[in-house]
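Computation of the quantities below employed the complete heavy-atom set of this structure, encompassing side-chain atoms and omitting hydrogens, waters and symmetry-equivalent molecules. Whatever order the structure lists ligands and atoms in, that order sets their numbers, starting from 1.
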Amino acid sequence: MNALRVTGGRVLRPDGSVTGSDVTIDRDAGTILAVGEETAGDEATAAEAVPDVDETLDAEGGLVVPGLVNAHTHVAMTLLRGYADDKELDAWLREDIWPAEAELTADDVEAGAALGALEMIRSGTTAFADMYFAMDRVADVVDRAGLRARLGHGVVTVGKDDADARADVKESLAVARDLEGAADGRIRTAFMPHSLTTVGEAYLREGVAEAREAGVPVHLHANETAEEVDPIVDKRGERPVTYAEDLDALGPDDFFAHGVHVDDSEIERLADAGTAVVHCPASNMKLASGMAPVQRLRDAGVTVALGTDGAASNNDLDVFDEMRDAAMLGKLAAGDAAAVPAEAVVEMATAAGAEALGLPGGRIEPGAAADLAVVDLDAPHLTPVHDPVSHLAYAARGSDVRHTVCDGRVLMRDREVLTLDAEAVRERAADAASDLVERVDSGV
Ligand SMILES: CSC[C@H]1O[C@@H](n2cnc3c(O)ncnc32)[C@H](O)[C@@H]1O
Ligand SMILES: [Zn+2]
């Protein structure tokens, strides 16, 4: 057996408790063999389960946590970080982002995705969901970087003639079929219409029906702004979640980004259907979209995960920031300081994220996927440690991550990313971004 042991750290367990235990990993299987003396098999002790350890990771003074899950992003948008700020969603997309994206090449997407992957590994994220273009290139990056992902080509049909709109739907379904199970099974896919207002009804119906046949979930932006909800209500006499249900897009494997403007009946429908919501607090604040009712969603039994959204509306891919923002905004939205507490946001960023995406991970226990991060707890801003879970939610930053492991493979050791050449990735992305802006500007 090829074993890796994470030694000397404290471990965040699925019940929220913290124990001082080594974590032993079967690198071939990509799973956790033992946490302390607890094993998945019949062996009496971890020593019996793992006779020899081939590699160790020093977690002394650190907290071993499940790899974080960024459940909604557009990872290649790192190229547009800081390109257009301080606008609301519709104007931001139409005036700045979509014109820039029209000039994006597949090489650009690959460069931006590699930069995003680097940023995520450095901040302890091991799995993400991505909706964008040139997804074969994003998949190559996921494979090289060693991450896990649920990927989909984003469909927009507004402004397109029927042939182009149909081709876009077909592209999303083809990508979902072709990339399913890639990167040794670490890549799963979804049909990803952009939203209920940017994709026409006939295309949504056909695409969802084919997604069901192919057995892939549906992921879309939903109920993000009031301006997006109102036309659906005016035109159809029903709210977006009911429309999604009517389209057969409200299933137990489906997951919606945002869910800001949902009323009580929609919350109930989401809970009944088992459809997850990915809360993106930083993006919702920056675009002034509104405050999602996270406490009410969770109280109703909806699985709520966390996402950064793209780096152009955040402006980073650090899920630690998202935990803090979700807790703070959740309290403000509920008018209750006890709402969305620390343990809730940690669960949203880990187990709930993995559940929403239908990916392994999110728990440190024998038999679970070996996706984890070691967070240093000895920095000044993390001293003293009254409660490690409080620190994860409120005080830690992505830069506090010392090691990142996904599928039993060490992606970052002692803050050095092993699967990507950090400087080459950064330089290529910076060059791609400046060339892109030149092309956009010269076209105006
Ligand atoms: C069709 S690929 C995905 C598409 O979504 C755009 N996008 C980025 N952030 C948001 C957001 O918060 N709401 C809606 N759409 C968003 C992205 O720029 C791509 O065009
Ligand atoms: Zn988005």
Atom indices of ligand 1 within 4.0 angstrom of [X] heavy atoms, with elements:
X    : result
E224 : 11 (C), 12 (O), 13 (N), 14 (C)
W92  : 9 (N)
I97  : 18 (O)
G154 : 1 (C), 2 (S)
V156 : 1 (C)
W98  : 20 (O)

Do you know the tightest heavy-atom contact between [X] and [Y]?
X    : Y    : answer
S123 : F320 : O-CE1, 3.3 Å
P360 : A369 : CB-CB, 3.6 Å
G307 : P281 : O-CD, 4.2 Å

Original post:
Does the side chain of E266 come under 3.5 Å of the side chain of N223 through a donor N or O and an acceptor N or O?
Top reply: yes
Subject >> Donor + acceptor pair across side chains of N315, D85 (<3.5 Å) >> reply: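 Result is yes, a qualifying pair exists.
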Original post:
In the protein, what heavy atom is nearest to atom 7 (N) of ligand 1, and what distance, to one decimal place, separates them?
Top reply: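 Closest protein heavy atom to atom 7 (N) of ligand 1: H74 NE2, 3.7 Å.
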Subject >> Nearest neighbour in protein (non-hydrogen) for atom 17 (C) of ligand 1 >> reply: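 Its nearest protein heavy-atom neighbour is E101 OE2, 3.3 Å.
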Original post:
How long is the gap from CG on L392 to CG on L63, to the nearest 0.5 Å?
Top reply: 5.0 Å
**OP:** With rounding to the nearest 0.5 Å, note down the distance linking CZ in R402 to CZ in R413.
**Re:**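 Nearest 0.5 Å value for the CZ-CZ distance: 11.0 Å.
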Original post:
ligand 1 and D309, any nitrogen or oxygen pair closer than 3.5 angstrom?
Top reply: yes
Subject >> Distance-only N or O hit between ligand 1 and H194, under 3.5 Å >> reply: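 N/O-N/O distance under 3.5 Å: yes.
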Subject >> From H219, H279, H72, residue fulfilling ring pair (Phe, Tyr, Trp, His ring centres under 6.0 Å) relative to H258 >> reply: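 Result for ring pair (Phe, Tyr, Trp, His ring centres under 6.0 Å) with H258: H72.
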Original post:
Would R81 and D316 count as a salt bridge (charged side-chain N to carboxylate O under 4.0 Å, His left out) if you check the C-alpha gap in whole Å, the side-chain angles of each, and the deciding distance to 0.1 Å?
Top reply: CA-CA 8 Å; R81 189 196 323 266; D316 60 46; over 6 Å; no
Original post:
Are D376 and R415 ion-paired here, with the side-chain N under 4.0 Å from a carboxylate O?
Top reply: yes
Original post:
Do NZ/NE/NH1/NH2 and the carboxylate oxygens of R137 and D107 come within less than 4.0 Å?
Top reply: yes
**OP:** Examine ligand 1 and decide if any of its atoms is less than 4.0 Å from a heavy atom belonging to M192.
**Re:**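 Flag not set, M192 not near ligand 1.
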Original post:
Closer than 4.0 angstrom: is that true for some heavy atom of H258 and an atom of ligand 1?
Top reply: yes
**OP:** Report the protein N/O/S neighbours of the Zn ion (ligand 2) that fall below 2.8 Å; do not count waters.
**Re:**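 Metal shell, protein only: H72 NE2, H74 NE2, H221 NE2, D309 OD1.
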Original post:
salt bridge (charged side-chain N to carboxylate O under 4.0 Å, His left out) between R148 and D407: does it pass, once the steps are laid out?
Top reply: CA-CA 8 Å; R148 244 180 242 291; D407 201 29; 3.4 Å; yes
